[in-house]
Peer 1: 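Sending over a structure as structure tokens; questions will come in a sec.
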Amino acid sequence: MKKRWVAIVLAVAMLMTAAGCGKKEAAKAEPDANGNYLVNGSFEEADFTGWTVTNIDDVTEELNIYDRETDCYEGVQSLHFYSGSSNVNFTAEQTVSGLEEGTYKLTAHIQGDAAGDENASVYFYAVVNGEEIKVDAGLNGYVNWYTAELTGLAPTNGEITVGVSVTTAPGGWGTIDDISLVRE
């Protein structure tokens, strides 16, 4: 009886393997009309669609989608941050899966002020093949946009996570906009 059950279990396992059950095929990533693989890279949606935004220790007082066209690099909305009496400390990231073999470039824009904080930490990053690659960015004043780029991102598993990290003293503010991940 035990041999019969083992034979049945093995037969079912072989059929599932042959049929591809249990395998999860990665969907092919599709770029938008501009070649950007990110969803909502210019934050034109009314919420954080496509992005995981983490307000670290819940200290950033304002962390939202801003709809002031004057504070945007492109379009009419951007990711806005500000804290008057506490630190600014947050990340926003997005993972793209199903990328074809090749190299990709991350481009992102930020403007604002670190409120005199000489130890402010502002950077964009990409996680490729388990390794985080960073590029520092700056908060250089109102609509004085800092453009950050990371080139040569070559995922071997078809996946890239991109993000931004901002940490400043109380009084820090700014907007982030027009983040793109395009094939080189």
Side-chain angles (χ1 to χ4, degrees), residues 13 15-56 60 63-69 71-81 88-112 121-139 145-167 174-184:
L15 286 172
M16 287 176 66
T17 301
C21 293
K23 286 185 180 178
K24 192 174 186 181
E25 291 292 325
K28 181 181 173 199
E30 294 292 333
D32 66 14
N34 298 317
N36 189 359
Y37 285 90
L38 297 177
V39 173
N40 195 23
S42 278
F43 302 98
E44 295 302 312
E45 299 294 324
D47 57 18
F48 291 124
T49 298
W51 294 93
T52 299
V53 178
T54 305
N55 187 355
I56 300 167
T60 308
L63 188 56
N64 53 28
I65 300 298
Y66 219 33
D67 62 357
R68 283 191 1 194
E69 190 174 344
D71 290 36
C72 298
Y73 186 83
E74 182 74 30
V76 296
Q77 295 185 159
S78 57
L79 188 160
H80 163 75
F81 60 91
V88 171
N89 192 7
F90 73 94
T91 62
E93 70 176 33
Q94 183 174 147
T95 299
V96 179
S97 300
L99 293 167
E100 292 180 357
E101 189 174 312
T103 59
Y104 295 82
K105 176 173 79 171
L106 169 66
T107 306
H109 308 277
I110 188 168
Q111 64 92 28
S121 173
V122 180
Y123 62 90
F124 291 90
Y125 61 91
V127 179
V128 182
N129 306 320
E131 177 185 354
E132 183 178 85
I133 305 160
K134 298 194 290 188
V135 59
D136 289 330
L139 295 172
W145 290 94
Y146 187 98
T147 300
E149 286 188 351
L150 285 172
T151 60
L153 305 173
T156 58
N157 62 356
E159 183 174 289
I160 297 176
T161 297
V162 301
V164 59
S165 174
V166 178
T167 304
T175 56
I176 298 164
D177 201 13
D178 198 30
I179 302 175
S180 66
L181 180 68
V182 297
R183 192 170 177 143
E184 290 184 301

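Position 1 is the first residue of the sequence, and the numbers go up from there.
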Peer 1: Answer yes or no: are there more than 12 heavy-atom neighbours, outside E69 itself, under 6.0 Å from its atom CD?
Peer 2: no

Peer 1: Which pair of non-hydrogen atoms, one from N34 and one from V182, has the smallest distance, and what is that distance?
Peer 2: O-CG1, 4.3 Å

Peer 1: Begin from the C-alpha positions of Q111 and Y73 and carry the test side chain to side chain donor-acceptor pair (under 3.5 Å) through to its verdict.
Peer 2: CA-CA 9 Å; Q111 64 92 28; Y73 186 83; over 6 Å; no

Peer 1: If you take all heavy atoms of A92 and W51, which pair is closest and at what distance?
Peer 2: C-CE3, 4.0 Å

Peer 1: Measure the shortest side-chain to side-chain distance between E149 and V135 over non-hydrogen atoms and say whether it is less than 4.5 angstrom.
Peer 2: no

Peer 1: Checking side-chain contact (heavy atoms from CB on, under 4.5 Å) against I110, which of T175, V166, L79, T147 comes through?
Peer 2: V166

Peer 1: Could you state the interatomic distance from SG (C72) to CD (Q77), rounded to the nearest 0.5 Å?
Peer 2: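 Spacing of SG (C72) from CD (Q77) equals 7.0 Å.
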
Peer 1: When rounded to the nearest 0.5 angstrom, what distance separates OH in Y66 from OG in S78?
Peer 2: 8.0 Å

Peer 1: Go through the structure and list residues passing side-chain hydrogen bond (donor to acceptor under 3.5 Å, both in side chains) with N129, not counting sequence neighbours.
Peer 2: T156

Peer 1: List for me each residue that meets side-chain contact (heavy atoms from CB on, under 4.5 Å) alongside I56, sequence neighbours excluded, and say none if there are none.
Peer 2: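 With sequence neighbours excluded, I56 shows a side-chain contact (heavy atoms from CB on, under 4.5 Å) to T54, N89, T91, given in chain and number order.
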
Peer 1: Say whether, by atom type as modelled, one donor and one acceptor occur between the side chain of N55 and the main chain of T60 under 3.5 angstrom.
Peer 2: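 Yes; judged by distance alone, with no hydrogens or angles, the pair exists.
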
Peer 1: Would you please name every residue forming a side-chain hydrogen bond (donor to acceptor under 3.5 Å, both in side chains) with N64, sequence neighbours left out?
Peer 2: none

Peer 1: Working to the nearest 0.5 Å, report the span between CG of L63 and CZ of F48.
Peer 2: 4.5 Å

Peer 1: How close do E44 and N40 get, heavy atom to heavy atom, and via which atoms?
Peer 2: N-OD1, 2.8 Å

Peer 1: List the atom of S97, the atom of A29, and the distance in Å for their closest heavy-atom pair.
Peer 2: O-CB, 3.2 Å

Peer 1: In the structure I gave you, are the side-chain heavy atoms of I179 and L106 within less than 4.5 Å of one another anywhere?
Peer 2: yes

Peer 1: If only atom types and distance count, is the side chain of Q94 paired as donor or acceptor with the main-chain N or O of G50 below 3.5 Å?
Peer 2: yes

Peer 1: Where do A148 and F124 come nearest, in terms of heavy atoms and distance?
Peer 2: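 Closest heavy-atom pair between A148 and F124: CB-CD1, 3.6 Å.
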
Peer 1: Apply ring-ring contact (aromatic ring centres under 6.0 Å, His included) to F81 and list each qualifying residue two or more places apart in sequence or on a separate chain.
Peer 2: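 Testing F81 for ring-ring contact (aromatic ring centres under 6.0 Å, His included), a comparison that skips the adjacent residues, returns F90.
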
Peer 1: Mind checking whether W145 and H109 have parallel, tilted or perpendicular rings, split at 30° and 60°?
Peer 2: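 Perpendicular: the ring planes of W145 and H109 meet at over 60°.
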
Peer 1: At their closest point, which heavy atom of P31 faces which heavy atom of Y37, and how far apart are they?
Peer 2: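 Here P31 and Y37 meet closest at CD-CE2, 3.5 Å.
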
Peer 1: As an exercise, state the distance from CD of E30 to CG of N36, rounded to the nearest 0.5 Å.
Peer 2: 13.0 Å

Peer 1: Taking salt bridge (charged side-chain N to carboxylate O under 4.0 Å, His left out) as the test, write out the residues that go with E100, two or more places apart.
Peer 2: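 Salt bridge (charged side-chain N to carboxylate O under 4.0 Å, His left out) check on E100 returns K28, R183.
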
Peer 1: Applying side chain to side chain contact (heavy atoms under 4.5 Å, CB included), run through V88 and T167 and close with a yes or a no.
Peer 2: CA-CA 5 Å; V88 171; T167 304; over 6 Å; no

Peer 1: Among all residues two or more places apart in sequence or in another chain, which pass the salt bridge (charged side-chain N to carboxylate O under 4.0 Å, His left out) test with D178?
Peer 2: none

Peer 1: So, the side chain of Y146 versus the backbone of G112: is there a donor-acceptor pair under 3.5 Å, distance only?
Peer 2: no

Peer 1: Among side-chain atoms of E184 and T103, is any donor-acceptor pair under 3.5 angstrom?
Peer 2: yes

